[in-house]
**Student:** 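Below you'll find the structure I mean.
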Amino acid sequence: MNTISFFDTKPYDKEFFDKENEKYGFHIIYHEEKLNKKTAVLAEGSDAVCAFVNDDIGADTLKVLDKQNIHMIAMRCAGFNNIDFKLAKEKFHVARVPAYSPYAVAEHAIGMLLMLNRKLHRAYIRVRDYNFSLNGLTGFDIHGKTVGVIGTGKIGRSFIDICKGFGTEVLAYDPYPVKDSDIHYVELDELFRRSDIISLHCPLTKESYHIIDKKSLSKMKDGVYIMNTSRGALIDSEDLLEAIKDKKVGAAALDVYEEEADLFYEDNSNTILQDDVLARLISMPNVLVTSHQAFLTEEALGNIAETTLHNLDEYFKGEVMENEVCFQ
Ligand code: NAD
């Protein structure tokens with residue numbers, strides 16, 4: 001029986017993976033620890049590891065796995081920017097879940113937009129205190145506004161479809177535009193200049209790192225809404241904070257954060273938050289932070305478990321893995 005060490009696991013992972021594993025009968029060991037150079041030894045005796053978005057799969061971690069003769073990393077997510085591919089190449093098989101529910105992420109982004117615009121987060125708290133005042137809760141019609149979408153892959157397109165239903169004009173930027181689509185592509189500068197709402201749906205790469213920073217923010221409309229459900233480092237958080245303080249940015253919806261790795265997914269309610277930028281962002285009435293939860297629907301968790309175990313099954317059978325990210 002093949003043994004797989006799962007890292008950074010939570011009760012909801014276990015629920016969906018145990019159910020899916022009834023088909024395969026793998027021996028799964030669930031670790032709560034994130035995978036990194038120190039915890040990699042926990043995988044001793046396993047045939048593969050399964051990792052997630054905030055695991056540190058850098059060179060040092062890979063060396064420890066290599067020593068234990070573990071050469072299969074099954075990512076149970078779409079992104080893989082946390083792996084050192086220079087070292088992984090030709091030694092490690094890496095598979096991922098390219099798509100599990102673009103709708104989950106797109107719908108979460110829309111939820112955050114509506115919440116911020118119509119101040120639902122504040123209304124909810126007020127009413128619970130029998131405060132039925134509407135002062136300060138004025139929003140705007142999304143209908144008729146211009147939405148800029150950066151990245152028109154699976155999630156970006158799902159987000160665009162929903163935006164169209166609201167009666168918005170959608171402008172998009174993607175270095176690899178979808179051919180034969182009715183998506184209205186423009187240059188990035190035009191998107192920055194014309195959009196009332198900007199939503200990020202591109203991966204984190206060298207080119208997209210800090211795509212939202214002081215310089216790009218200066219090109220945007222006053223009061224622009226910035227939405228990030230992709231990867232934290234697409235935004236320079238300090239520049240965003242300054243732009244919110246200057247009222248350049250009207251609101252920010254952040255499901256991801258540059259320095260989220262040691263904080264998100266954990267209960268830190270009994271500790272003193274050391275990240276002053278995040279603390280200040282969270283304190284703002286026009287900022288909504290969620291803990292990288294946009295993917296969290298039953299459908300997505302079911303699909304993640306299905307594809308991840310299918311990838312592992314292909315690896316153990318020596319078959320070509322359809323979701324292989326790198327090997328040779
Ligand atoms: P995808 O691969 O289908 O699409 C990504 C698109 O971004 C592609 O069309 C690509 O050409 C484009 N792109 C690449 N570089 C770009 C750049 N510099 N500027 C603009 N566009 C660029 O990916 P997807 O499934 O739509 O996912 C998008 C991102 O969402 C992922 O990379 C991941 O970071 C993030 N994500 C977040 C969650 C969450 O829970 N918050 C869940 C899943 C995915």
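Counting starts at 1 for both ligands and their atoms, in listed order.
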**Student:** What part of His201 sits under 4.0 Å from ligand 1 if we count only heavy atoms: the side chain, the backbone, both or neither?
**Tutor:** backbone
**Student:** Under 4.0 Å from a heavy atom of Ala294: give me the atoms of ligand 1 that qualify, with their elements.
**Tutor:** 39 (C), 40 (O), 41 (N)
**Student:** Do any nitrogen or oxygen atoms of Tyr176 come within less than 3.5 Å of a nitrogen or oxygen of ligand 1?
**Tutor:** no
**Student:** Could you see which bit of Cys202 sits under 4.0 Å from ligand 1, with heavy atoms only: side chain, backbone, both or neither?
**Tutor:** both
**Student:** Looking at non-hydrogen atoms alone, which of Pro175, Ala106, Ala172, Ser208 comes nearest to atom 15 (N) of ligand 1?
**Tutor:** Pro175
**Student:** For ligand 1, which part of Tyr100 has a heavy atom less than 4.0 Å away: the side chain, the backbone, both, or neither?
**Tutor:** side chain
**Student:** Centroid separation under 6.0 Å, is that true for the rings of Tyr30 and Phe17?
**Tutor:** no
**Student:** In the structure I gave you, are the side-chain heavy atoms of Thr297 and Phe295 within less than 4.5 Å of one another anywhere?
**Tutor:** no
**Student:** Tell me whether Tyr225 shares a hydrophobic cluster with Met284, the cluster being built from Ile, Leu, Val, Met, Phe, Trp, Tyr side chains joined at under 4.5 Å.
**Tutor:** no
**Student:** Do me a favour and list the nearest non-hydrogen protein atom to atom 27 (O) of ligand 1 with residue, atom name and distance?
**Tutor:** Ile155 CD1, 3.3 Å
**Student:** Yes or no: does Ser230 have any heavy atom under 4.0 Å from an atom of ligand 1?
**Tutor:** yes
**Student:** Just wondering, more than 12 heavy atoms not from Arg118 lying within 6.0 Å of its CZ?
**Tutor:** no
**Student:** Quick one: look up the protein heavy atom nearest atom 14 (C) of ligand 1 and list residue, atom name and how far away it is.
**Tutor:** Pro203 CD, 3.5 Å
**Student:** For ligand 1, which atoms sit closer than 4.0 Å to a heavy atom of Gly151?
**Tutor:** 7 (O), 20 (C), 21 (N)
**Student:** Would you call the rings of Phe80 and Phe85 parallel, tilted or perpendicular, taking 30° and 60° as the class edges?
**Tutor:** perpendicular
**Student:** For atom 34 (O) of ligand 1, tell me which residue out of Arg231, Arg157, His292, Gln293 has the closest non-hydrogen atom.
**Tutor:** Arg231
**Student:** Has the side chain of Ser216 got a donor or acceptor atom that lies under 3.5 Å from a matching backbone atom of Asp213?
**Tutor:** yes
**Student:** Taking Leu35 as the fixed residue, which of Ile57, Val64, Asn82 is the one that meets the side-chain contact (heavy atoms from CB on, under 4.5 Å) rule?
**Tutor:** Ile57
**Student:** For Glu238, look at atom CD and say whether over 12 heavy atoms of other residues, nucleotides or ligands are found less than 6.0 Å away.
**Tutor:** no
**Student:** Numbering the atoms of ligand 1 from 1, which are under 4.0 Å from a heavy atom of Val105?
**Tutor:** 38 (C), 42 (C), 43 (C)
